[in-house]
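In what follows, chains are A, B, ... by sequence order, proteins preceding strands, each numbered from 1.
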Amino acid sequence: MSQQTTLAVVLPKFAQFVQQLPTVDDLANCDEETLHRLWAGLGYYARARNLKKGAEFIVNRLNGRFPQSYREWLQIPGCGDYTAAAIASICLNEKVPCIDGNVIRVVSRLLALQDVWNTAGRSRIQDYLTQVIPSDRPGDFNQAMMELGATICRKTKPRCDICPLQMQCLAYANNCIEICPPKKPRRVLVDTELFVLIFWHRQTDTLAIGERTDGFLAKTIGFPLTIAHQLSKLDRWQPLQLPGKFTHAIAHHRITGRICVIQLNSNDIDISMRQHLALSKTLHWMNRLDLSAKLLTALDRKAFQLFQNYTYSDSICEQLALNL
DNA sequence: CACCCGTGGTC
DNA sequence: TGACCAAGGGT
C-alpha cells in the first residue's frame, strides 16, 4: 500500500484491509470487488490486483508458506526491489538495503552525489548501503535510514542542525544540500479531455457501469470513458453533454472530465460499441443509491456527483432537455 | 530504459 | 487554485 503513497493515508486503509482480510488465504480467495473496495482512495489499483496475485502465488504455488529470503520474495507478484528488501531485512534479518525515495536523498547528501536518478547512480547508492548496513538489526538500519529521510533529511528544509549524521555529511560540508539530490526530471503535464458516458434508463432511473478493459482505470468497474474524437461514433444515441465539468489528475495527465448522458431503451449495447468503448461483456444497471455505494474510483465519484447536481429533479432535467 | 499508472495531502 | 509528490512495480 505504501508504494508511492503517503503513509498517513495508508494507515487507516491498512487497518480496514487486514481486518477484512486477515490471512493470506482470505486475500487469495477474495473477490475483486471486495479487493478494489478496500483499496479505494489509494490509487494505482494494479497494486491491489498484484497483491492478490502475490497471495495466490503463496497459497497455490508455495503451499501457503511465505518466502524466506530477499531473492524468493522478488519472485512474488507486486514485490519488487524495495518491498523484497523491506520484508527480508525487517522480518527475516537479511542484510539487504532498502532503497526508496527517502534513502536515495539521504545517501545523495551523505556522499554529495548528484547523479542518482539513473541506473549507475542507483547502483552506487546500493553499493554504499551494502557496505555499511550492519549484520545486526539490518531491518532497523533500513527503517532508520528511511525515517531519517522522512523527518530530518527532508526534501525541503532539512534539519541539518539536529541531524545525527551532520559530521559525516559531504553535502553539508560542501554546502551543496540544495542540489543533492537534484530535482527528479518529470514528464511535462498533458491536458486531456475525457468524456464520462452515463447510460441512463430514465423510466427506472437506473444507470450503467461496466468493467473498463483499456485506457485509464483499466480493469476497474465504473462509467465508460472515451475521448472527444471517439464521441461521433455515439451520435445515433443522441448523447447529451451536461454543462458542467470536473478536474482530475492521473499520472502526468491534467484531465478535464465532461459528462455525456445517453438515454437507452434496451438494457445493453452491441458488441462493436462495447469494444469501441473498451468495455467488457457485462453492463451493470442500478439505481442511484446502489450506485453511490458501488463507485470506487475518485474519477467515477466526481462524475457521479456532477451528474447528480444536474439531474436531481425532473424540473432540472426538463430545463436541460433530458426528458427526450 | 522509457513509459504506464490514482489519489489525497500539502504548501 | 494548482503544482508537486509520496515506504514503486510491471511491461
Side-chain angles (χ1 to χ4, degrees), chain A residues 1-14 35-54 57 73-91 96-107 117-123 125-126 129 139-151 153-157 181 183-192 194 212-222 225 245-257 295-303:
Chain A
M1 279 185 176
S2 58
Q3 294 167 359
Q4 293 287 286
T5 305
T6 313
L7 273 183
V9 177
V10 164
L11 291 176
K13 303 285 188 186
F14 177 79
L35 181 73
H36 283 152
R37 181 165 44 76
L38 289 169
W39 204 266
L42 294 175
Y44 288 132
Y45 295 91
R47 290 181 304 165
R49 294 189 299 273
N50 283 334
L51 187 63
K52 177 169 161 59
K53 282 181 194 168
F57 190 95
W73 272 106
L74 270 186
Q75 306 302 311
I76 303 297
C79 190
D81 283 336
Y82 165 77
T83 307
I87 295 172
S89 65
I90 295 170
C91 307
V96 51
C98 284
I99 305 179
D100 71 340
N102 284 314
V103 174
I104 290 174
R105 183 171 56 258
V106 170
V107 177
W117 299 127
N118 52 34
T119 308
R122 187 195 168 85
S123 179
I125 291 172
Q126 185 167 351
L129 290 168
D140 285 352
F141 172 84
N142 281 333
Q143 291 185 76
M145 291 294 283
M146 293 188 282
E147 194 68 8
L148 185 69
T151 59
C153 194
R154 303 177 296 204
K155 181 156 35 338
T156 61
K157 296 193 295 182
K183 282 189 63 175
K184 194 171 185 173
R186 298 203 171 274
R187 294 199 56 178
V188 294
L189 289 176
V190 175
D191 287 311
T192 305
L194 208 54
R212 295 165 289 230
T213 60
D214 197 25
F216 292 131
L217 298 167
K219 300 183 182 179
T220 62
I221 290 178
L225 306 175
K245 64 184 179 186
F246 64 94
T247 62
H248 192 65
I250 295 179
H252 60 285
H253 296 275
R254 252 189 333 225
I255 296 171
T256 299
L295 294 180
L296 299 178
T297 77
L299 186 146
D300 287 304
R301 291 187 161 280
K302 289 176 184 176

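Among the atoms of the strands shown, only primed sugar atoms or phosphate atoms (P, OP1, OP2) are found under 4.0 Å from some heavy atom of A/T297. A/D81 comes within 4.0 angstrom of the backbone, heavy atoms only, and of no base. Residue-level contact check: A/H253 touches the backbone only, with heavy atoms under 4.0 Å from sugar-phosphate atoms and none from bases. Counting non-hydrogen atoms under 4.0 angstrom, A/K184 reaches nothing in the nucleic acid. Residue contacts shown for A/A40 are absent, as no nucleic acid heavy atom lies under 4.0 Å away. At the heavy-atom level, A/T83 lies under 4.0 Å from the strands shown only through sugar-phosphate atoms. As judged by a 4.0 angstrom heavy-atom cut-off over every strand, A/A298 is placed among residues touching the sugar-phosphate backbone only.
At whole-Å resolution of the value, NZ in A/K13 and C1' in B/dG6 are 12 Å apart. Separating the CG atom of A/N102 from the C1' atom of C/dG8 is a distance of 13 Å, rounded to the nearest angstrom. Distance, A/L299 CG to B/dG6 P: 11 Å, rounded to whole Å. The distance between atom CG of A/D100 and atom C1' of C/dG9, rounded to the nearest whole Å, is 14 Å. Residue A/I76 contributes atom CD1, which lies 13 Å from atom P of C/dG9 at whole-angstrom precision. Put simply, CD1 on A/I125 is 16 Å from P on C/dA7, counting in whole angstrom units. Rounded to an integer number of Å, the gap from A/L225 CG to B/dG6 C1' is 13 Å. A straight line from CD of A/Q3 to C1' of C/dG10 spans 11 Å, rounded to a whole angstrom.
Panel note: side chain A/N142, backbone A/V96; a donor-acceptor pair is recorded below 3.5 Å.
A sub-4.0 Å separation between OP1 or OP2 of B/dC5 and a side-chain N or O of A/R47 is absent.
Comparing A/A46 and A/A8 against DNA chain B, the residue whose closest nucleotide sits nearer the 5' end is A/A46. Summary of the strand contacts: A/H248 and A/N118 both lie near DNA chain B, and taking for each the nucleotide with the nearest heavy atom, the more 5' one is attributed to A/N118. Each of A/T6 and A/G80 was matched to the nucleotide of DNA chain C holding its nearest heavy atom; the match closer to the 5' end belongs to A/T6. Comparing A/T5 and A/C79 by the nucleotide of DNA chain C that holds the closest heavy atom to each, the one mapping nearer the 5' end is A/T5.
Going from the P atom of B/dC11 to that of C/dA7 covers 14 Å, rounded to whole Å.
By the neighbour-count criterion of 12 heavy atoms within 6.0 Å, atom CZ of A/F57 is densely surrounded, having more than that number from other residues, nucleotides or ligands.
For the 3.5 Å distance criterion, the side chains of A/N50 and A/R47 fail to qualify, holding no donor opposite an acceptor.
Here NE2 of A/H253 is found 11.0 Å from CG of A/D191. Values are rounded to the nearest 0.5 Å.
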